[in-house]
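FYI, the numbering just counts along the sequence from 1. Since the model is a prediction, treat every value here as computed from it, not as a measurement.
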Amino acid sequence: NNDSLMSTLYQERELRLSLAGAQSKTGLFYKNNEYFVPQNGSPSNVIVKPTNKRYNDLVFNEYASMKIAAALGIDTPVVQLKKTQKQSLFMIHRYDRILTDQSIQRLHQEDFCQALGIQNQNKYEADGGPSFKQCINLLRAGTTVPSLEINKFIRLFLFNTIIGNKDAHGKNYSILYINNKRILAPAY
């Protein structure tokens with residue numbers, strides 16, 4: 001059944017990378033090839049992940065996975081690899097921001113755990129997080145055109161299964177509120 005298929009992504013807990021300290025990241029404001037630390041509640045527009053000392057190829061793996069997903073027609077944010085003298089950085093342009101010359105507008109999004117009232121520590125299905133069936137039901141009830149969003153979710157789910165992404169969990173899927181519509185957020 002569909003729920004047991006979703007469970008296969010969560011069986012090997014030691015491969016989860018969402019544990020505290022496993023993958024550091026920071027939100028920055030990026031414009032004209034310059035980085036700024038947001039101050040006083042100002043929004044970021046990129047997320048930067050440095051090379052992980054324990055998993056040296058993690059940034060390259062994440063970059064390649066996102067590029068392959070995009071090539072297969074899966075909606076993804078713009079991603080880049082940036083190199084410094086000391087390390088490589090994986091940079092994700094935030095899809096939940098609208099940048100104009102004058103301002104940055106935050107777009108509302110709600111991850112599947114939030115939408116289903118599931119605590120952060122239970123984001124994996126094996127720990128009480130959302131099952132495949134719950135995700136489909138959420139999209140059916142919570143999006144503007146459910147059939148389109150369910151199709152996108154199934155494609156993304158299958159992609160994660162095929163590439164062996166054992167870190168897929170309920171906080172990696174979100175409903176994005178944009179232009180008076182509720183859609184499945186791009187893959188991240």
Side-chain angles (χ1 to χ4, degrees), residues 16-116 118-121 123-124 142-144 149 152-153 156 159-160 163 165 167-188:
R16 295 179 182 170
L17 297 174
S18 290
L19 301 173
Q23 190 176 19
S24 60
K25 57 187 151 214
T26 190
L28 298 173
F29 179 75
Y30 177 75
K31 189 170 182 181
N32 300 328
N33 287 324
E34 291 188 82
Y35 298 90
F36 304 92
V37 176
Q39 301 287 316
N40 302 318
S42 296
S44 62
N45 66 342
V46 295
I47 296 171
V48 178
K49 298 180 181 184
T51 301
N52 183 292
K53 290 181 173 117
R54 185 170 177 196
Y55 304 104
N56 292 337
D57 295 331
L58 193 59
V59 295
F60 304 106
N61 182 60
E62 192 165 357
Y63 175 78
S65 297
M66 294 294 283
K67 288 300 206 178
I68 292 167
L72 293 172
I74 294 171
D75 189 18
T76 63
V78 173
V79 296
Q80 295 175 286
L81 271 180
K82 298 282 189 172
K83 293 190 183 236
T84 69
Q85 291 179 347
K86 295 183 180 182
Q87 66 181 322
S88 294
L89 305 169
F90 177 61
M91 187 166 78
I92 308 151
H93 292 259
R94 297 190 64 148
Y95 59 80
D96 60 341
R97 304 290 192 257
I98 297 176
L99 181 62
T100 67
D101 289 338
Q102 307 301 318
S103 68
I104 301 177
Q105 176 188 354
R106 290 180 170 106
L107 298 177
H108 180 67
Q109 68 175 329
E110 188 174 36
D111 69 51
F112 282 18
C113 286
Q114 290 171 320
L116 293 167
I118 296 171
Q119 298 295 315
N120 291 352
Q121 67 269 20
K123 62 188 173 187
Y124 294 97
T143 59
T144 306
E149 306 314 320
K152 290 190 315 190
F153 176 76
L156 178 55
F159 177 76
N160 279 327
I163 67 168
N165 180 3
D167 196 42
H169 53 71
K171 295 197 68 60
N172 286 137
Y173 303 106
S174 295
I175 295 174
L176 181 66
Y177 295 75
I178 184 169
N179 298 327
N180 295 319
K181 294 180 183 176
R182 296 175 318 279
I183 62 171
L184 179 67
Y188 60 93

Measure the spacing between [atom1] of [X] and [atom2] of [Y] and express it to the nearest 0.5 Å.
{"X": "Lys49", "Y": "Ile92", "atom1": "NZ", "atom2": "CD1", "result": "4.5 Å"}
{"X": "Leu156", "Y": "Asn165", "atom1": "CG", "atom2": "CG", "result": "9.0 Å"}
{"X": "Lys67", "Y": "Leu81", "atom1": "NZ", "atom2": "CG", "result": "9.0 Å"}
{"X": "Leu184", "Y": "Asp75", "atom1": "CG", "atom2": "CG", "result": "8.0 Å"}
{"X": "Leu58", "Y": "Tyr63", "atom1": "CG", "atom2": "OH", "result": "15.5 Å"}
{"X": "Ile118", "Y": "Gln121", "atom1": "CD1", "atom2": "CD", "result": "11.0 Å"}

Determine the minimum heavy-atom distance between [X] and [Y], stating which atoms define it.
{"X": "Arg94", "Y": "Ser44", "answer": "NH1-OG, 3.1 Å"}
{"X": "Arg106", "Y": "Gly41", "answer": "NH2-O, 2.8 Å"}
{"X": "Pro50", "Y": "Val48", "answer": "CD-O, 3.9 Å"}
{"X": "Ala185", "Y": "Gln109", "answer": "CB-OE1, 4.2 Å"}

[X] side chain near [Y] side chain, heavy-atom distance below 4.5 Å:
{"X": "Ile178", "Y": "Ile183", "answer": "yes"}
{"X": "Arg97", "Y": "Gln105", "answer": "no"}
{"X": "Asn33", "Y": "Lys82", "answer": "yes"}
{"X": "Ser65", "Y": "Ile68", "answer": "no"}
{"X": "Leu107", "Y": "Ile98", "answer": "yes"}
{"X": "Glu62", "Y": "Val79", "answer": "no"}
{"X": "Asn52", "Y": "Phe90", "answer": "no"}
{"X": "Asp96", "Y": "Leu176", "answer": "yes"}

Specify whether [X] and [Y] have parallel, tilted or perpendicular ring planes, treating 30° as the upper limit for parallel and 60° as the lower limit for perpendicular.
{"X": "Phe112", "Y": "Tyr173", "result": "tilted"}
{"X": "Tyr188", "Y": "Tyr95", "result": "tilted"}
{"X": "His93", "Y": "Tyr30", "result": "perpendicular"}
{"X": "Phe29", "Y": "Phe36", "result": "tilted"}

Go through it in stages, so that I can follow the logic: the residues are Thr84 and Leu89, the test is side chain to side chain contact (heavy atoms under 4.5 Å, CB included), and I'd like the CA-CA distance, side-chain angles, deciding distance and then a yes or no.
CA-CA 8 Å; Thr84 69; Leu89 305 169; 3.8 Å; yes

Starting from the C-alpha separation in whole Å, work towards a yes-or-no answer on side chain to side chain contact (heavy atoms under 4.5 Å, CB included) for Ile175 and Glu149.
CA-CA 9 Å; Ile175 295 174; Glu149 306 314 320; over 6 Å; no

Exam field: side chain [X] to backbone [Y], donor-acceptor pair closer than 3.5 Å:
{"X": "Thr51", "Y": "Ser88", "answer": "yes"}
{"X": "Asp111", "Y": "Cys113", "answer": "yes"}
{"X": "Thr144", "Y": "Arg182", "answer": "yes"}

